[in-house]
Amino acid sequence: MSTPAFPEFPDGFFFGAATASYQIEGAYDEGGRGPSIWDTYCREPGRVAGGATGDIACDHYHRYREDVALLRGLGVDSYRFSVAWPRIQPDGTGPANTAGLDFYDRLVDELLASGISPATTLYHWDLPQALEDRGGWRVRETAERFADYAGLVVERLGDRVGRWITLNEPFCSAFVGYAAGSHAPGAREGRGALAAAHHLLVGHGLAVRALREAGAQEVGITLNPDRLLAATPGSPADLAAVRRAETLHNEVWLDPLFAGRYPQHEAETWGEPANGSSRLDSAYGLDSSYDLDDSFRLDTSYRLDGDLELIAAPLDFVGINYYRPITIADAPHRDPDPATRTAVDIRVTETWRDDVRHTTMGWPVVPHTFTDLLVDLTERYPELPPLVITENGSAEADTVTDDRRVHDTDRIEYLRSHLEALSAALRAGVDVRGYYVWSLLDNFEWARGYGQRFGIVRVDYDTQERIPKDSYRWFRDLIATHRARTTTADKDHR
């Protein structure tokens, strides 16, 4: 029996493409939009490769009809886009900016006219700068304002948008933005980052409530759980490092959302008892006979009664973003001064595999870890709702030929192998309902500027010309084949 040309998926499985507002929209000062933390971050020297900004990006704000036409040609069932909070509330508070909502109104109508179901992400990292100036995600007020903003957006778009995502990758918002400092707002903190992580989840819970009250059909959150592997599988030190990394990367989000608890190993991860013991008193800290170093006393006063119940409100799906596994090794603290250690300085380091291909991001391509992660998640969290793959793709060294083609065979192989891995997860019993490729367009890749290209459509940033790559055509044919096969199977069944 020959191997099928494309991975196979069940009837009802949907395909889509994804983007994010700051990465593609541009028009940073049009239509009443206020500044975001990424506008500020990009203007700080040395923060972003090449001094790049999202001021113009892919000019999607003006070219959205052209981009929807590309989606229509691709044949996708759904398009996942994010709303820029500063377009809706320039200062993060108050009534909606009508011009901002009008843009998304036009986009949604264009999608529906093309037979494409819109999926809206409310927060893909572009916090209004005015809220950051008042403490950002470190403070509960931002979570409360996020719920207000969610209410404004669903009030305008809820009659036509069926799928809602509260947050995209809160790990990056909290720990890359407030601890590592390599994303906006560029902070390097300990407790502040942990408070940000909690308030992001509180904001999610409050937004879910607002969406439900407005009658939203499908409500979820997008996480980027990592498949973490020990650099030396038999090493107790590396295995302990993986244990700490699991808390940081995965359990901070998954445990409150789907197990109704705070991470069980948070004290071991963020504050080691001076005597070396790891005995926990409760999820809020350690027994009084144990002392933590000065960097993390696990002051969790930002957690209030009722927060866990709010965060763990039932969801219709959870979005999963996945790109590569991470290999973890034990390491000394990067900062020898306990008083200035950040929330990501937990005595771990990432090591690089040299036995597999890497994308231009430096990420190893190991497709079976995608299957492993999805199976593991469903086994560890029995209350996990159905999954939707909200991002998966690769950055590659694309070149344009003389006849204006991009033969991105590495990206096609990446997508094919990861979709095979996803199909294997379904066969193993994982409930996955759909898949969004990342990304429709080449775009602003955050602190890496415009040097990394994830799109299945190439964007010439000088002319804004869109060039569908070979991967665009491959994905289009995959969708068409899936649709034809499942339609035929349905007819045969009848």
Side-chain angles (χ1 to χ4, degrees), residues 41 44 46-47 125 135-138 169-201 224-232 235-255 262-278 280 283-286 290-303 325-352 362-363 446-447:
Y41 187 81
E44 296 174 1
R47 292 291 202 181
W125 309 349
W137 288 108
R138 306 173 191 84
E169 296 186 6
F171 170 87
C172 293
S173 298
F175 294 127
V176 185
Y178 286 94
S182 50
H183 274 190
R188 294 179 54 80
E189 300 174 10
R191 183 183 182 278
L194 295 174
H198 181 69
H199 291 136
L200 281 155
L201 288 174
N224 58 322
D226 284 307
R227 184 64 173 171
L228 303 170
L229 309 172
T232 305
S235 164
D238 285 358
L239 290 171
V242 169
R243 171 65 267 163
R244 295 189 296 274
E246 282 284 353
T247 302
L248 172 69
H249 286 259
N250 297 332
E251 293 171 354
V252 166
W253 322 106
L254 292 160
D255 279 12
Y262 295 113
Q264 294 176 304
H265 298 275
E266 60 183 0
E268 300 166 45
T269 301
W270 285 296
E272 295 169 349
N275 63 3
S277 173
S278 62
L280 294 174
Y284 292 93
L286 297 176
Y290 290 81
D291 295 322
L292 300 177
D293 64 37
D294 289 339
S295 59
F296 295 109
R297 293 188 177 276
L298 288 182
D299 172 7
T300 56
S301 56
Y302 46 78
R303 295 176 180 168
I326 299 177
T327 305
I328 297 291
D330 182 59
H333 283 297
R334 291 190 290 276
D335 192 329
D337 182 358
T340 56
R341 289 179 192 148
T342 72
V344 292
D345 191 358
I346 59 171
R347 296 195 296 108
V348 302
T349 187
E350 296 182 19
T351 63
W352 298 101
W363 294 346
W446 308 111

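Keep in mind that this is a model prediction, so the values were computed, not measured.
Residues Thr351 and Ala329 come closest through the heavy atom pair CG2-CB, 3.8 Å. Here the closest heavy-atom approach between residue Thr340 and residue Asp335 is recorded as OG1-OD2, 2.7 Å. In this structure, Ala174 and Trp253 approach most closely via the heavy-atom pair CB-CH2, 3.9 Å. Across Ala343 and Trp270, no two heavy atoms sit closer than the pair O-NE1, 2.8 Å. Of all the heavy atoms in Tyr41 and Gly186, the pair that sits closest is CE1-CA, 3.7 Å. Among all heavy-atom pairs drawn from Gly177 and Pro185, the shortest one is O-CD, 3.5 Å.
Atoms CD and CZ, on Gln264 and Arg243 in that order, are 8.0 Å from each other to the nearest 0.5 Å. One finds the CG atom of Asp238 at 10.0 Å from the OG1 atom of Thr327 (value rounded to the nearest 0.5 Å). Rounding to the nearest 0.5 Å gives a distance of 8.0 Å between CG of Asp345 and CZ of Arg188. Atoms OH and CG, on Tyr178 and Leu200 in that order, are 7.5 Å from each other to the nearest 0.5 Å. For the atom pair CD (Glu246) and OG1 (Thr269), the distance works out to 10.0 Å, reported to the nearest 0.5 Å. Considering CG of Leu194 and OG1 of Thr342, their distance stands at 9.5 Å, rounded to 0.5 Å.
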Set out, in order, the CA-CA distance, both residues' side-chain angles and the distance that settles side-chain contact (heavy atoms from CB on, under 4.5 Å) for Thr247 and Glu268, then state yes or no. CA-CA 9 Å; Thr247 302; Glu268 300 166 45; over 6 Å; no
So Arg191 and Ser301, side-chain contact (heavy atoms from CB on, under 4.5 Å) or not? Walk me through it. CA-CA 11 Å; Arg191 183 183 182 278; Ser301 56; 3.0 Å; yes
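Panel note: side chain His199, backbone Ala195; a donor-acceptor pair is recorded below 3.5 Å. Between the side chain of Asn250 and the backbone N or O of Asp226 there is at least one donor-acceptor pair closer than 3.5 Å.
Residues that satisfy the side chain to side chain contact (heavy atoms under 4.5 Å, CB included) test with Ala241, not counting sequence neighbours, are Arg244, Ile328, Asp330, Val348.
A heavy-atom distance below 4.5 Å is found between the side chains of Phe171 and Leu248. At least one side-chain heavy atom of Arg303 sits less than 4.5 Å from a side-chain heavy atom of His198. Within the 4.5 Å cutoff, the side chain of Glu189 has heavy atoms near those of the Arg138 side chain. The closest side-chain heavy-atom distance from Val176 to Glu169 is not below 4.5 Å.
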